[in-house]
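In what follows, chains carry the letters A, B, and so on, assigned in the order in which the sequence lines appear, proteins first and then strands, with residues in each chain numbered from 1.
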Amino acid sequence: MNSSRNGIVEEINGPIVTIRLPGIRNGEQVRIGELGLFGEVIALQGDEAIVQAYEATDGVRPGEPVVGLGWPLSVELGPGLMGHIFDGVQRPLEEIFRQSGDHIPRGVDVPSLDRSASWHFQPRDDMEIGAQLVSGSLLGSVQETQTILHKILLQPDLQGELLELAPEGDYTLEQTIGRVRSADGRIHKLHLFQRWPVRKPRPYVRRDHGVEPLITGQRILDTFFPLLKGGKGAVPGPFGAGKTVVQQQVARWSNADIVIFVGCGERGNELVDILETFPQLDDPYTGRKLMERTLLVANTSNMPVVAREASIYAGMTVAEYYRDMGYDVVMLADSTSRWAEAMREVAARLGQMPVEEGYPAYLASRLAAVYERAGRVETAECGKGSVTLIGAVSPPGGDFSEPVTSHTKEIIHTFWALAKELADARHYPAVDWVDSFSDHVPTAAGWWAQEVDAGWERRRGEALALLARDAELSRIVNLVGPEALSDSQRWALVGAALIKEGVLQQNALDDTDSFCSPEKQFELLDLMLTIYEKGAELIEVGVPVQELSDLPTLVKSRRCKSIYASEEIEKLREFKEEMVQEFHQIRLEYAKFKEHAR
Amino acid sequence: MSVKEYRTVNAAKGGLLTVTDVPDVSFGDRVQIRNARGERRNGEVIRAARGSALIQVFEGTDDLDLESTWIRFLDQPLEITLSPDILGRIFNGIGDPKDGRPALVSNLKRNVRSSAFNPSARSYPREFIQTGISTIDGLNSLVRGQKLPIFSASGLPHNKLAAQIVRQAKLPDESTSFSIVFAAMGVSYSDARFFQEDFASSGVLGNVVMFINLADDPPVERLALPRVALTAAEYLAFDLDRHVLVVMTDMTNYAEALREVATAKGDVPSRKGYPGYLYSDLAEIYERSGRIKDRHGSITLVPVVSMPSDDITHPIPDLSGYITEGQIVLSRDLHNQGIYPPVHISPSLSRLMKDGIGKDYTRADHPQVSNQLYALYARAQETRNLASIIGAEELSSQDRRFLEFADAFDRRFVGQGEDEDRSIIETLNLSWELLSMFPPDVLTRVSESDISKYHRSAEG
Ligand SMILES: Nc1ncnc2c1ncn2[C@@H]1O[C@H](COP(=O)(O)OP(=O)(O)OP(=O)(O)O)[C@@H](O)[C@H]1O
Ligand SMILES: [Mg+2]
């Protein structure tokens, strides 16, 4: 890479700084002014270059020096990432807190990964000196946390003959663990970490399609609008509708190997919430602490806007890196709207022509390009890995026709639309079953049929049909009142209410109900539908609807979700049996009663 | 400090001046402006280029001409002077005394634009604040370090409510009261007066710092005011270890001033003419609230945001809602029915409530009681709608019970006196009185054991 070059500041306009530095390249990193603020070149005009600064530019004066660093915005990838929190340009926030206190000082330059830590490297035992390595070749591994075996891979832009590989032992990140000679004869030293430019997708051998759903433990998501591992999902909704809670639930409960949570232009306290609780919470799959598989990227709403744009790319690059080790990674971006707004902000300052609501013409293509980095791939030597990307979208005024929501909708496969009406009625998660969709139902059905129950797809369809009938009947009630409905129609309203309360609603704060296993999800769905069907049969033969809707066990059925834990499926089945028996009993009594009446 | 002055202004519009042929000045630096009569104004560099600068003038550019306006660059950012003596004082939007008393004497000066808190330095807010207002304490609890705005509209009693919160807010088991930072932007003289008198009559004046910019004061000054006020709040909280309650009114006036300046600068407008950076700008203000690890003090922020045309989707309340940790929404409908405080609970929310209530903070049944009241009220609202279509007589007896509940809830739970300070236990007991209007089997959100403990039918 080029050595650094010097220039000067010409003009400061908020986060946009014009510099004079002949020979600088587009995308190159710079350090601005006496403070050495971080920035990135985004346009060139003659000898001048336009720089976007990742830090506030207050106090910078024209004529101050600028240094071009010679490389694009990159992240460090290696052991020591998991369990930590970084800012939008991957500065380690805990370390900065230790060094500098409550506020993030400008120009602070701390390496992303701890240089003093040493890691126990275990070289791959079948590796031979002289072997021809391809990009992404597996060199060995380091136990990063109790749950994560960090595979040390040859960086993607390198291949060649292995000249040397270090024996098992403890190494710091800067110690050489091997050497490779590339085709041009140059010799490259290998380390436990590598750098990769964030705006460049990491390569893979080939793409593959998703085969199994990401299980999140949330009924409305898994059962109704499934997302595949390697899929692209979006959670749009007005403020307070529950986007962050949905994403935090996925971060807590999903069966991914690695979770990357990018707080992009959102609240500081939401990240603190994760930082304080995840180290205490158990990973439901491995029993280890959740923080061991989690990484946070934070550019909170009060941090400089430009770094917000970078934060999504930084998070994605780390996600791809773990994908390349063969892991299933989930990346949560809260919120992609803030990312788009950061892009709009820079475009406006550059005087680029706004096309819709101030957004530049390239909004749609940039959004698509980010989501395109999600997917399931074949890696060089670590089997298959995936990145699932779930982006929150924050439409102004809750209006889904605005540019970011509408473009996102075109790109993704799973759409979890949150509705203000549901949130206001405290129906959580406020996922609207009419506006939401998933293109993955057929694939998910295969998995559910094999792992849980062959009836999944049919039951899911029946529940949605009952909800649609409910909406229709409710319209009638709102026009002419409930008297207009027949008993069987009223029972349909009761049945739909059971589905809503007993299945769709799920309180994230309820210890028992916060996570629901796929088996329990199916059992609850089947329970509510069975009650509805058995009841409908009784109403057919003339049992009054009131008699059924007043049954005490019906009240209990709505509480089942928080009475029985995921391990207590048997009790749930027993309860269903009792319910069926009770309905049968009513049928017998009713027949007797009718006999009498005759 | 450079004493050289320049008379090279070559453009003046909408609170902005362009000066040329000046030395290189720093972005964000303070500027003094002097007109032909020697009157001074204050400004800030908002664009700095080689030999020229764009200056935002806090007092506006009315009456300035290009020939006789002198500019002096102070070579320092906007700072305020801090000492414990700020308590009891009144300042303007840039921190100059407005109470006729001399300026503070202290060596401690702070830049009003602080860099962001490191998220790793924050600690999660958890301590329940009792405001004595049932709709807040019971259903949308405020905790220390939270930012919880009041969404209101013209003619609604947001000032009364804010003043009542200031008077009554305390931790249930603590006697130490809050220090108050009061930030008024573009308010009327009578509104400012109302707060001053309220602080005086409740005897807290000595514990209040006021920053006041009235409706006829320069709008540009409003842009600096919240930052100045929060710098004072941070000093009280994190230097002097106080719990600080910041009341800001009205954020809508602030945002309008921002739009005015943005338009003059030629910034690309997004929704309703507000600049695209309104979100980030508001966040810079709201996110200065919170708790910090190993610090005793805290900053709790209660801004008043009025909704133009009662529209909650208007950019100002909308973007505020996307940043703050919930909102208390006032309703014209309840107000017209004579209910005070007219808090509409459905769109109201406190996101930090979950960790600040329950057995360690208030009472074990609190979360479920709140859930249950919300669920019943949502159903009751549907019933009200239905009744308005088909008439209440047509309703089933169960539905009629929901109507009665809604009315009792509005009158007894929402409605309370301006000086009525209900303890959280009183609020929870009142909740159970209302829940007891229903038989236990309707109450699926509360636990069976709580029903047997608190439900009226259980009292025998
Ligand atoms: N599944 C759930 N269970 C219980 N409470 C929930 C659930 N989902 C949302 N909530 C409630 O709704 C509140 C708001 O949710 P959240 O913070 O996720 O909204 P948001 O859509 O991210 O809003 P914003 O766009 O302003 O960030 C939460 O604080 C919580 O009180
Ligand atoms: Mg959120």
Side-chain angles (χ1 to χ4, degrees), chain A residues 10-13 56-63 85 93-94 96-97 101-106 239-240 265 267-269 271-273 275-276 298 300-303 305 338 341 344-345 348 354 357-358 394 396-399 424-426 477-483 501 507 509 552 555 558-559, chain B residues 24-29 47-51 77 113-125 238 267-271 276-277 279-280 283-284 287-288 290 292 313 315 318-319 321-323 325-327 346-347 349 351-352 354 367 371 374-375 378 385-386 389-390 394 396 441 444:
Chain A
E10 287 286 325
E11 181 178 331
I12 308 102
N13 176 14
T57 52
D58 299 44
V60 179
R61 188 190 294 267
I85 177 169
L93 289 172
E94 293 131 314
I96 291 176
F97 173 54
D102 303 348
H103 294 269
I104 304 173
R106 292 185 293 160
F239 65 80
R267 302 171 186 81
N269 280 334
L271 295 157
V272 179
D273 195 6
L275 282 174
E276 289 187 7
T300 56
S301 58
N302 55 337
M303 290 185 182
V305 171
R338 308 299 165 219
E341 285 163 12
R344 174 173 72 181
E345 180 65 22
E357 299 202 11
S394 318
D399 172 10
D424 280 358
R426 293 332 191 236
V477 170
N478 279 326
L479 285 177
V480 290
E483 299 305 316
E501 205 177 327
N507 186 348
L509 305 174
V555 175
R558 292 195 224 135
R559 290 176 186 252
Chain B
D24 295 334
V25 293
S26 300
F27 179 76
D29 266 7
R47 186 181 300 167
R50 305 224 72 174
R113 284 176 198 280
S114 67
S115 57
F117 280 126
N118 186 334
S120 295
R122 287 183 187 267
S123 94
Y124 198 74
F238 305 126
D267 290 340
V268 181
S270 67
R271 273 210 312 155
Y277 51 81
Y279 175 83
S280 304
E284 260 178 33
E287 277 282 318
R288 284 172 80 168
I292 300 293
T313 69
D318 188 52
L319 296 180
Y322 271 121
I323 303 164
E325 286 147 346
Q327 64 279 337
S346 308
L349 170 71
R351 297 159 195 256
L352 300 188
K354 61 184 170 72
N371 266 342
Y374 258 107
N385 290 342
L386 185 58
I389 299 163
I390 61 165
E394 297 293 312
S396 67
D441 64 6
T444 51

Exercise. Quick one: do the Glu287(B) and Thr300(A) side chains pair a donor with an acceptor below 3.5 Å?
Worked result: no
Exercise. In chain order, what residues pass the salt bridge (Lys or Arg N to Asp or Glu O under 4.0 Å) check against Glu94(A), with sequence neighbours excluded?
Worked result: none
Problem set entry | Which portion of Glu357(A) sits near chain B, non-hydrogen atoms under 4.5 angstrom | both
Seminar exercise, completed: Output for pair (Ile12(A) CD1, Asp24(B) CG), nearest 0.5 Å, gives 8.0 Å
Exercise. Given a strict heavy-atom distance threshold of 4.5 Å, which part of Ile389(B) is in contact with chain A: side chain, backbone, both, or neither?
Worked result: side chain
Problem set entry | Interatomic distance, Arg267(A) atom CZ to Tyr322(B) atom OH [nearest 0.5 angstrom] | 10.0 Å
Problem set entry | Glu325(B): partners by salt bridge (Lys or Arg N to Asp or Glu O under 4.0 Å), with sequence neighbours left out | Lys147(B)
Seminar exercise, completed: Smallest heavy-atom separation, Tyr374(B) atom then Asp424(A) atom, equals CD2-O, 4.4 Å
For this session: Would you give the length of the straight line joining atom OG1 of Thr313(B) to atom CG of Asp399(A), rounded to the nearest 0.5 angstrom?
Result: 8.5 Å
Exercise. Any idea which of Pro77(B), Ser120(B), Pro119(B) has the most non-hydrogen atom pairs under 4.5 angstrom with chain A?
Worked result: Ser120(B)
For this session: Go through the atoms of Phe238(B) and report whether side chain, backbone, both or neither lie under 4.5 Å from a heavy atom of chain A.
Result: neither
Problem set entry | Contact leader toward chain A among Ala378(B), Gly326(B), Ser115(B), Ser114(B), where contacts are heavy-atom pairs under 4.5 Å | Ser115(B)
For this session: For the pair Lys354(B) and Asp273(A), evaluate salt bridge (Lys or Arg N to Asp or Glu O under 4.0 Å) and give the outcome as yes or no after the intermediate values.
Result: CA-CA 12 Å; Lys354(B) 61 184 170 72; Asp273(A) 195 6; 3.2 Å; yes
For this session: Just give me the residue among Gly358(A), Gly59(A), Pro105(A), Ala348(A) that pairs up with chain B most often, heavy atom to heavy atom, under 4.5 Å.
Result: Gly59(A)
Exercise. His103(A) and Phe117(B): side chain to side chain contact (heavy atoms under 4.5 Å, CB included), yes or no, with the steps?
Worked result: CA-CA 4 Å; His103(A) 294 269; Phe117(B) 280 126; 3.5 Å; yes
For this session: Find the distance between CD1 (Ile390(B)) and CG (Leu479(A)) and round it off to the nearest 0.5 Å.
Result: 11.0 Å
Exercise. What heavy-atom pair brings Glu11(A) and Ala49(B) nearest, and what distance separates the two atoms?
Worked result: CG-CB, 3.7 Å
Seminar exercise, completed: Most heavy-atom pairs under 4.5 Å with chain A, out of Gly28(B), Gly290(B), Ser123(B), Ser396(B), belong to Ser123(B)
For this session: Show the numbers, then the answer: is there a side chain to side chain contact (heavy atoms under 4.5 Å, CB included) between Arg338(A) and Ser280(B)?
Result: CA-CA 9 Å; Arg338(A) 308 299 165 219; Ser280(B) 304; over 6 Å; no
For this session: Decide yes or no for Asn385(B) and Asn478(A): does some side-chain heavy atom of the first lie under 4.5 Å from some side-chain heavy atom of the second?
Result: no
Problem set entry | Value rounded to 0.5 Å, distance of CD in Glu345(A) from CG in Asp267(B) | 8.0 Å
Seminar exercise, completed: Separation between OG (Ser301(A)) and CG (Leu319(B)), nearest 0.5 Å, reads 11.0 Å
